[in-house]
Engineer: 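One structure coming up, written as structure tokens, with questions to follow.
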Amino acid sequence: MESPCCAQVVGEEIDRYRSPGDDTVAKILRVVPAISSTRRLNPSGSVSGIWRNVHRPVNDPLSAPVHCRPNAAVAMIIAVRARRLSFLVGAVALVVVLVVTLVSLGIGTKSSTPQSGKSTSTTTSGSTKKRPTVAQANPADSHTFLGPYGVEASWVVAENKLPGTTDWQIEDEPTSGSIAGFSNKTYAAAGNHVTLYVSSTAPRFRVEAYRMGYYGGKGGLLVWRSAEVTGRDQPNCPLTPAVNMVACDNWKPSLTFRITSAFLPGEYLLKLVGSGSAQSYVLLTVWDPSSHAAYLFKGDVYTEEAWNTYGGYDYYQGLGNCAPTYPVCNRARVVSFDRPTATGDGASDFLSNEYPLLRLMEAHGLDVTYADDITVEQHPSILLQHRALLSLGHDECWSLAERLAADRAQDHGVNMIFFGASAVLRHVRLQASPFGPDRELVDYRDPSEDPLNGKGNPLEVTGNTWFTPPTNWPESGFTGEMYAGFLEPGSPGAPFVVEDANAWIFKGTGLHDGSDVPGVINADFDHLAPSWPMPSDLQVLGHSPIPLSEVQTDLGEWGTHTYSDATYYTTVSSKAGVFDSGNNNWIDSLSQCPASAVTCSAGVMQKITDNLLWLFGQGPAGRVIPSVANWRQVVPAGS
């Protein structure tokens, strides 16, 4: 294919120097199409020093006039100025033009940095996987705007128009064999390498990386697939008896791959697929350090690891006989990220307590980016780059560094959304493992057992909760309310009951005071606690009674019920807004109901959540809609 656009630009440059009647330009322009037809133009889209891609679709909004490399044009101008030399000199000049232009076009070279939407492959193991090209799906080139559901980003809108797939799902139990694994990172940025440690009874397996989103309702996009890898049945993971920690740091690495620019920021399910029928997941967050997206979606890796029973131990239970104490004496005091996850096919509670919100936000094209607890721990200032921090469905474990980072962000006007109850309840800290820094999570839940007790900063000592000694720092002054208990497993749950239907969050729902939304309240729940530190301008949005027969609680009983509260407040100085859902089932209630469901709360819960994201994505919520204190009017009094 000829490149008349290139010829036009070069001709315009040469016209500045040529003399009337000079035919050298015509000779050169006959050479240019022959040169450009030898190779497709560099598709990177950058104007500086490379060709802009003329092979984009004609309807591509990023298509633009073609520009040529300056050095090619200069070479041609040199040839023009040599027009009065002998035939031999002219021939030499044309040869120079050819050589310089060939070098300029990069003939025989390969780009070292794959571009978004282009073919990518692993650095040490894997096969090339082409990603559907949508030129707009590039966070660096994105523009944002306020839409009906919140602040939207053009790259998220474009990304989710790509044809997705449901192949990310694991629907059937394996008929034989097993496969499980973990990675050496919980999050990674472009250019990082990720190593997977996999134990498989299958002779061979592969890895498929799916970016999770909406994608036309399919839910995921296949971004990369590895080559077939030899399976290995890894040894049993040893136990460290003093702290009941199970860590698989005796496993051999299975493969390493590079996070290329095809891995756009997001939450990824790395699906391990054995050559038999065994399948499982490894979770990975891909982070963009330069992002200033409105919403920061923070993965709850601390809490997921705290509840990970792989090998028989987590912070809440262990193997062997134990005296009836609280916390139980056979629990783990330290847990390790160097092991697979025992639940959710390796994905923990991601698909219930995180993914439904992610899917909703990406379906609406919201300006969202992704991180996890360890990202915030290692890079605390990133919270200041965003307008709202999203704490997800079960986020009870926080470190001191993470809490201080969130406090500082709130002081700078960053809004906080606690989609789950019991947020900031447990106190953890990181330490290194044989596989690297910040790979073990410490929570003795008893200061007398913690080696740091009496030897350092008391805010680093892990008591049972943040509000117990030696920290004595209750979460209620931050989240707005206190952890109150949990519904018994198997409980049918309770409806969400509207307390203040005139509040902005219920706009367009048709709800009124006393309306109930079935099946929303389940698992952990919070309620306001006036006897603890609490914001004075707290606005109670939902006040939902739960029968005492279905719960365990030691923080409030009123007759035959206790209560789950949804609250909102805005700070006086920074105007930051804080929302607490008051229960752990909020995000899961956003999931589409099966066709057989008699009642479905998903529609109204999605609308309420849309209203929340719309307000919080615009900056300090108190500047737009400050909270209106009503907690003193809630009945029964103090509930």
Engineer: What distance separates K575 NZ from S627 OG, expressed to the nearest 0.5 Å?
Structural biologist: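 Here the rounded value is 9.5 Å.
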Engineer: Which pair of non-hydrogen atoms, one from I587 and one from G393, has the smallest distance, and what is that distance?
Structural biologist: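 Smallest interatomic distance, heavy atoms only, reads CD1-N, 3.5 Å.
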Engineer: Got a salt bridge between K298 and D373, using NZ or NE/NH1/NH2 to carboxylate O under 4.0 Å?
Structural biologist: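 Yes, this pair counts.
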Engineer: Ion pair present between E267 and R211, side-chain N to carboxylate O less than 4.0 angstrom?
Structural biologist: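 So E267 does not pair with R211 through a salt bridge.
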Engineer: When you check the gap from the basic side-chain N to the acidic O, do R426 and E396 get nearer than 4.0 Å?
Structural biologist: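 Judged by the 4.0 Å cut-off on N to carboxylate O distance, R426 and E396 do form a salt bridge.
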Engineer: Can you name the closest pair of heavy atoms from S154 and S142 and give their distance?
Structural biologist: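 Scanning both residues completely, I find the closest heavy atoms to be OG-OG, 3.1 Å.
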Engineer: Hey, what do you get for OG (S391) to CZ (F297), rounding to the nearest 0.5 Å?
Structural biologist: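 These two atoms lie 10.5 Å from each other.
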Engineer: Is there a donor in the side chain of T567 and an acceptor in the side chain of D565, or the other way round, less than 3.5 Å apart?
Structural biologist: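 T567 vs D565: no donor-acceptor pair found between side chains.
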Engineer: Once you measure the plane-to-plane angle for W586 and F496, does it fall in the parallel (<30°), tilted (30-60°) or perpendicular (>60°) bin?
Structural biologist: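 Taking F496 first and then W586, their aromatic rings stand perpendicular (interplane angle over 60°).
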Engineer: D450 vs R429, test: salt bridge (Lys or Arg N to Asp or Glu O under 4.0 Å). Steps then yes/no.
Structural biologist: CA-CA 11 Å; D450 193 328; R429 68 172 183 268; 2.8 Å; yes
Engineer: Is there a donor-acceptor contact under 3.5 Å linking the side chains of H364 and D610?
Structural biologist: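 A pair is found: one side chain offers a donor N or O, the other an acceptor, under 3.5 Å apart.
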Engineer: E402 and Y302: side-chain donor and acceptor closer than 3.5 Å?
Structural biologist: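 Result is no, nothing qualifies.
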Engineer: Can H386 and T369 be counted as having a side-chain donor-acceptor contact under 3.5 angstrom?
Structural biologist: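 No, T369 and H386 have no side-chain donor paired with an acceptor closer than 3.5 Å.
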Engineer: Parallel, tilted or perpendicular: which fits the ring planes of F616 and Y568, with parallel below 30° and perpendicular above 60°?
Structural biologist: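 Tilted, since the angle between the ring planes falls between 30° and 60°.
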Engineer: So, for W287 and H379, is the gap between ring centers shorter than 6.0 Å?
Structural biologist: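 Yes, the ring of W287 comes within the 6.0 Å limit of the ring of H379, centre to centre.
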Engineer: OG/S422 to CD/E475 distance, rounded to the nearest 0.5 angstrom?
Structural biologist: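 If I round to the nearest 0.5 Å, the distance is 8.5 Å.
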Engineer: Within this structure, what is the OG1-CG distance for the pair T562 and L555, rounded to the nearest 0.5 Å?
Structural biologist: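 The CG atom of L555 is 8.0 Å from OG1 of T562, to the nearest 0.5 Å.
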Engineer: Let me confirm one number: the CG-CZ distance from L459 to R403, rounded to the nearest 0.5 Å.
Structural biologist: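 Taking CG in L459 and CZ in R403, the distance rounds to 9.0 Å.
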Engineer: When you look at CZ of F478, are more than 12 heavy atoms from neighbouring residues, nucleotides or ligands closer to it than 6.0 Å?
Structural biologist: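 More than 12 within 6.0 Å, yes.
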Engineer: Is the backbone of G617 close enough, under 3.5 Å, to the side chain of R387 for a donor and an acceptor to pair up by distance?
Structural biologist: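 Yes, because the side chain of R387 sits within donor-acceptor range (under 3.5 Å) of the backbone of G617.
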Engineer: If only side-chain N and O atoms count, and only distance matters, is there a donor-acceptor pair under 3.5 Å linking N630 with Q539?
Structural biologist: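 Side chains of Q539 and N630: no pair found under 3.5 Å.
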Engineer: When you check the side-chain N and O atoms of E550 and S491, is any donor under 3.5 Å from an acceptor?
Structural biologist: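 There is such a pair between these side chains.
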Engineer: Kindly assign one of parallel, tilted or perpendicular to the pair F350 and Y355, based on the angle between their ring planes and the thresholds 30° and 60°.
Structural biologist: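 Rings of F350 and Y355: tilted, 30 to 60°.
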